[in-house]
Amino acid sequence: MSDGEQSREAVSMLRLAANDGTGPRVAPLKLGERARAIRLARNWTLEEAAQRAGLARSTLSKIENEQMSPTFDAVQKLARGLDIDVPQLFRPAAVDKVSGRRSITFKGEGRAHPTATYEHELLATEISRKRMLPYKATVHARDFNEFDNWVRHQGEEFLLVLTGSVTLFTEFYEPVDMQVGDSAYYDGSMGHCVVSTSPEDAVILWVTSM
């Protein structure tokens, strides 16, 4: 799996979690309107915002007027230019306060999301507009070389070893061997990946901020 494919896979999981749910659906967010609202709140002209984002003025105008769907690269540039994180572009300016939500996922009832190196089980799938993505993963990978490149994505991530043992590889640190009960918290945009080191495939709990 290529670096781009791994990045798209991580993004697709986050998008799936954000849009999932059998309860009331949130009206689709118009990215262009959101971008324009943020720009106007900063009192920036279209030209100023385009220069900050490294985009052509005409491109930004088309995005704001919903005349084109920006590429992921353009979305990243736009977010940097507006001095916000990418998820903020997809979050309404004012979100109704929600309280009293609860989700129970019984053993084996999560949503399967298999990949070449992990077999994910998404949890709490009936809740939409989550602030975090919880999921269990069976780690099939046995060697760092099974990954074409680092896994990266937005947000911070928490990892807890449930069964077996693993080695956690991170871009700026030495690999760490982890046993049942060990946990790690790290920046998801830092390259990372996990491989099983126990005779059986290890199972870990991952929680990723949205």
(message) I need the single residue from Ile204, Thr105, Leu162 that forms a side chain to side chain contact (heavy atoms under 4.5 Å, CB included) with Lys136. Which is it?
(response) Leu162

Exercise: identify the closest heavy-atom pair between [X] and [Y]:
{"X": "Ala50", "Y": "Leu60", "result": "N-CD2, 3.6 Å"}
{"X": "Gly181", "Y": "Leu160", "result": "O-CD1, 3.6 Å"}
{"X": "Met190", "Y": "Phe172", "result": "SD-CD1, 3.4 Å"}
{"X": "Gly164", "Y": "Glu200", "result": "CA-OE2, 3.4 Å"}
{"X": "Val166", "Y": "Ala202", "result": "CG1-CB, 3.4 Å"}
{"X": "Val195", "Y": "Phe169", "result": "CG2-CE1, 3.7 Å"}

(request) Name all residues meeting the salt bridge (Lys or Arg N to Asp or Glu O under 4.0 Å) criterion together with Arg36; count only those two or more places apart in sequence or in a different chain, and write none if there are none. (result)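 Partners of Arg36 by the salt bridge (Lys or Arg N to Asp or Glu O under 4.0 Å) criterion, ordered by chain and then number, come out as Glu64.
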
(request) Please determine, by modelled atom types, if Glu156 and Tyr186 share a side-chain donor-acceptor pair under 3.5 angstrom. (result) no

(request) Return yes if a side-chain donor-acceptor contact under 3.5 Å exists between Glu146 and Thr117, otherwise no. (result) no

(request) Walk me through it: do Trp150 and Ser189 pass the test side chain to side chain contact (heavy atoms under 4.5 Å, CB included)? (result) CA-CA 10 Å; Trp150 294 107; Ser189 64; over 6 Å; no

(request) On the 0 to 90° scale, with breaks at 30° and 60°, tag the His120-Tyr135 ring pair as parallel, tilted or perpendicular. (result)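 Perpendicular.
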
(message) Can you classify the ring geometry of His153 versus His192 as parallel (below 30°), tilted (30 to 60°) or perpendicular (above 60°)?
(response) perpendicular

Less than 3.5 Å apart, which donor and acceptor atoms pair up between the side chains of residues 67-81 and the rest of the protein, not counting sequence neighbours?
residue, atom, partner, partner atom, Å
Thr71, OG1, Ala74, N, 3.1

Do [X] and [Y] have side chains that approach each other closer than 4.5 Å (heavy atoms only, starting at C-beta)?
{"X": "Pro134", "Y": "Trp206", "value": "no"}
{"X": "Arg111", "Y": "Glu121", "value": "no"}
{"X": "Val207", "Y": "Leu133", "value": "no"}

(request) Go through Ile84 and Leu89 one step at a time and tell me if the side chain to side chain contact (heavy atoms under 4.5 Å, CB included) criterion holds. (result) CA-CA 8 Å; Ile84 60 174; Leu89 273 175; 3.7 Å; yes

(message) One thing to verify: whether Arg52 and Asp83 come together as a salt bridge, which I'm taking to mean a side-chain N less than 4.0 angstrom from a carboxylate O.
(response)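 The answer is no: the pair does not qualify as a salt bridge.
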
So, taking the atom named [atom1] in [X] and the one named [atom2] in [Y], what distance separates them when rounded to the nearest 0.5 Å?
{"X": "Leu82", "Y": "Arg34", "atom1": "CG", "atom2": "CZ", "result": "9.5 Å"}
{"X": "Arg39", "Y": "Thr45", "atom1": "CZ", "atom2": "OG1", "result": "7.0 Å"}
{"X": "Leu205", "Y": "Phe158", "atom1": "CG", "atom2": "CZ", "result": "7.0 Å"}
{"X": "Ser196", "Y": "Asp143", "atom1": "OG", "atom2": "CG", "result": "12.0 Å"}
{"X": "Asp148", "Y": "Cys193", "atom1": "CG", "atom2": "SG", "result": "11.0 Å"}

(request) Consider only side-chain heavy atoms of I, L, V, M, F, W and Y, link residues closer than 4.5 Å, and tell whether Ile63 and Leu40 are in one cluster. (result) no

(message) Please evaluate residues His140 and Thr115 with respect to the criterion side chain to side chain contact (heavy atoms under 4.5 Å, CB included), reporting the C-alpha separation (whole Å), side-chain torsions for both, the decisive distance (0.1 Å), and the verdict.
(response) CA-CA 9 Å; His140 297 314; Thr115 73; over 6 Å; no

(request) Without swapping roles, check the side chain of Asp182 against the backbone of Gln179 for a donor-acceptor pair under 3.5 Å. (result) yes

(message) Is it the case that the side chain of Tyr118 and the backbone of His113 share a donor-acceptor pair, with hydrogens and angles ignored and the cut-off at 3.5 Å?
(response) no

(message) Could you walk me through whether Leu46 and Ser61 satisfy the side chain to side chain contact (heavy atoms under 4.5 Å, CB included) test, starting with their C-alpha distance in whole Å, then the side-chain angles of each, then the deciding distance to 0.1 Å, before giving a yes or no?
(response) CA-CA 7 Å; Leu46 191 65; Ser61 177; 3.7 Å; yes

(message) Test: side-chain hydrogen bond (donor to acceptor under 3.5 Å, both in side chains). Region: residues 162-174. Which pairs qualify, not counting sequence neighbours?
(response)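 Qualifying pairs, neighbours excluded: Arg152-Glu171, Ser165-Thr197, Thr167-Asp177.
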
